[in-house]
Amino acid sequence: MPETILLERVGGVARVTLNRPDVLNSFNPEMFSRMLAVLDEVGADRSVRAVLITGSGRGFSAGQDLAGGISEGSYGDHLEHSWNKVVRRLRAMEKPVVAAVNGVAAGAGANLALNCDFVIAAEEASFIQAFINIGLVPDTGGSWILPHLVGTAHAAAMLMLGEKVPAQRAYELGMVYKVVPLAGLEGEAMGLATRLAAMPTMAIALTKQLIQAAATNTLAEQLVAEAEMQTIAGKSADHGEGVAAFREKRKAVFKGE
Ligand code: T3D
């Protein structure tokens with residue numbers, strides 16, 4: 001039986017592949033366990049300085065497995081032990097996460113992608129908040145992230161009508177960073193992840209925290225947060241290297257410390 005999540009290290013990048021292509025990489029219980037274990041492993045591994053998540057086959061992920069994996073108990077309890085844990089780990093990960101959306105991303109699968117720091121989508125990809133089609137409310141952070149990304153008018157259309165959003169439209173609405181031909185997706189996403197992996201990882205992690213804090217902070221609170229984070233970044237070895245490289249007119253070699 002193949003692994004439901006593949007993990008491979010390429011230099012400083014961990015490539016995580018959702019691997020149940022026959023069911024568009026929808027998540028069953030085994031896949032949740034594996035995903036959480038993989039995120040813990042790459043989060044703790046200091047040699048990993050960027051994470052890339054993609055799907056195998058023609059889909060990114062169709063969210064919850066509706067055939068065999070849907071929970072028997074309370075859906076709320078299930079969410080707390082599955083999708084919510086995935087979202088929290090992605091958001092708390094002290095390294096950048098790139099989603100390479102290779103095809104349809106539906107329900108919690110769409111929101112898994114949108115919770116990554118960078119979303120690069122293939123031209124053929126699409127995003128569907130499919131929950132409403134089966135009489136559910138959005139989860140996996142979709143009801144929070146979409147109003148922030150696209151405003152309530154478009155968020156309502158996606159969340160209440162279940163409108164399918166093609167990749168190019170998602171780009172125009174500000175949901176994704178780039179749209180590229182499918183043939184170029186792997187190269188583009190891996191290129192970005194590799195570039196991020198050579199950058200000052202601690203400063204990127206702190207910037208990630210600041211971007212997240214900005215969603216709820218006032219400007220006054222954000223200024224305080226920036227000062228706190230800058231104090232930490234200012235003590236990092238990579239900051240020292242960056243300044244030294246500037247003075248010596250050479251390219252900085254960041255170690256992620
Ligand atoms: O448990 C809780 O706490 C609740 C949590 C919920 C979180 C959620 O994610 S709810 C939302 C769940 N996802 C969906 O409702 C999406 C269901 N899928 C679709 O609407 C469509 O498949 C797509 C729009 C994503 C793609 O359509 P299309 O026409 O490109 O593909 P298809 O033919 O529908 O699917 C291909 C195969 O994948 C098919 O299997 P088959 O007929 O070839 O044997 C289909 O049954 C299977 N598949 C697709 N999505 C799922 C799935 N199998 C199980 N679970 C799925 N979610």
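In each ligand, atom 1 is the first atom listed, and ligand 1 is the first ligand listed.
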Problem - N or O pair under 3.5 Å between Asp139 and ligand 1 - result: no
Exercise for the section: Using distance alone, determine whether Trp83 and ligand 1 share an N or O pair under 3.5 Å. Expected result: no
Practice task
Could you tell me how the ring of Phe32 sits relative to the ring of Phe27: parallel (under 30°), tilted (30 to 60°) or perpendicular (over 60°)?
Solution key: tilted
Atom pairs and distances, side-chain donor-acceptor, residues 124-141, under 3.5 Å, sequence neighbours left out:
| from | atom 1 | to | atom 2 | distance (Å) |
| --- | --- | --- | --- | --- |
| Gln129 | OE1 | Asn111 | ND2 | 3.2 |
| Gln129 | NE2 | Asn111 | OD1 | 2.8 |

Exercise for the section: Name the option, out of Arg58, His78, His81, that contains the heavy atom nearest to atom 33 (O) of ligand 1. Expected result: Arg58
Practice task
Using atom types as modelled and distance alone, determine if a side-chain donor or acceptor of Glu226 lies under 3.5 Å from a backbone N or O of Leu210.
Solution key: no
Practice task
Ignoring hydrogens and angles, tell me if any N or O in the side chain of Thr201 forms a donor-acceptor pair with the backbone of Ala197 under 3.5 Å.
Solution key: no
Completion exercise
ligand 1 atoms nearer than 4.0 angstrom to some heavy atom of Ala130 are 14 (C), 15 (O), 16 (C)
Handout entry: Expected output: side-chain Asn19 to main-chain Glu3 donor-acceptor under 3.5 Å
Key = yes
Exercise for the section: Please could you name the atoms of ligand 1 that Tyr75 approaches to less than 4.0 Å, counting only its heavy atoms? Expected result: 2 (C), 3 (O), 4 (C)
Practice task
Please identify which atoms of ligand 1 are closer than 4.0 Å to at least one heavy atom of Asp65.
Solution key: 54 (C), 55 (N)
Problem - Identity of the nearest option to atom 13 (N) of ligand 1, non-hydrogen atoms only, from Gly63, Ser61, Ala62 - result: Ala62
Fill in the blank from the handout: So salt bridge (Lys or Arg N to Asp or Glu O under 4.0 Å) across residues 175-204, not counting sequence neighbours, yields Arg15-Glu186, Lys178-Glu188
Problem - For Leu112 against Met35, the heavy-atom pair lying closest together - result: CD1-CE, 4.2 Å
Exercise for the section: Verify, without hydrogens or angle tests, whether Asn25 (side chain) and Gly59 (backbone) share a donor-acceptor contact under 3.5 angstrom. Expected result: yes
Exercise for the section: Give yes if a backbone or side-chain nitrogen or oxygen of Ile134 is under 3.5 Å from a nitrogen or oxygen of ligand 1, and no if not. Expected result: no
Practice task
Look at ligand 1 and say whether Asn133 reaches it with a heavy atom at a distance under 4.0 Å.
Solution key: no
Problem - ligand 1-proximal atoms of Lys164, by part, heavy-atom distance under 4.0 Å - result: neither
Exercise for the section: Determine, considering heavy atoms only, which of Leu112, Asn84, Asp22, Leu136 sits nearest to atom 37 (C) of ligand 1. Expected result: Asp22
Practice task
Consider every N or O of Ala108 and every N or O of ligand 1, then say whether any pair is closer than 3.5 Å.
Solution key: yes
Problem - Residue portion contacting ligand 1 (non-hydrogen atoms closer than 4.0 Å) for Ile128 - result: side chain
Exercise for the section: Measure Gln64 to ligand 1 on non-hydrogen atoms and call it side chain, backbone, both or neither using the 4.0 Å cut-off. Expected result: both
Problem - Backbone of Val42 reached by a side-chain donor or acceptor of Lys95 within 3.5 Å - result: yes
Problem - Nearest neighbour of atom 47 (C) of ligand 1 from the list Ile132, Asn111, Asn25, Val23, on a heavy-atom basis - result: Val23
Fill in the blank from the handout: Counting heavy atoms under 4.0 Å, the part of Ala106 that contacts ligand 1 is side chain
Handout entry: Lys251 side chain to Ala245 backbone, donor-acceptor under 3.5 Å
Key = no
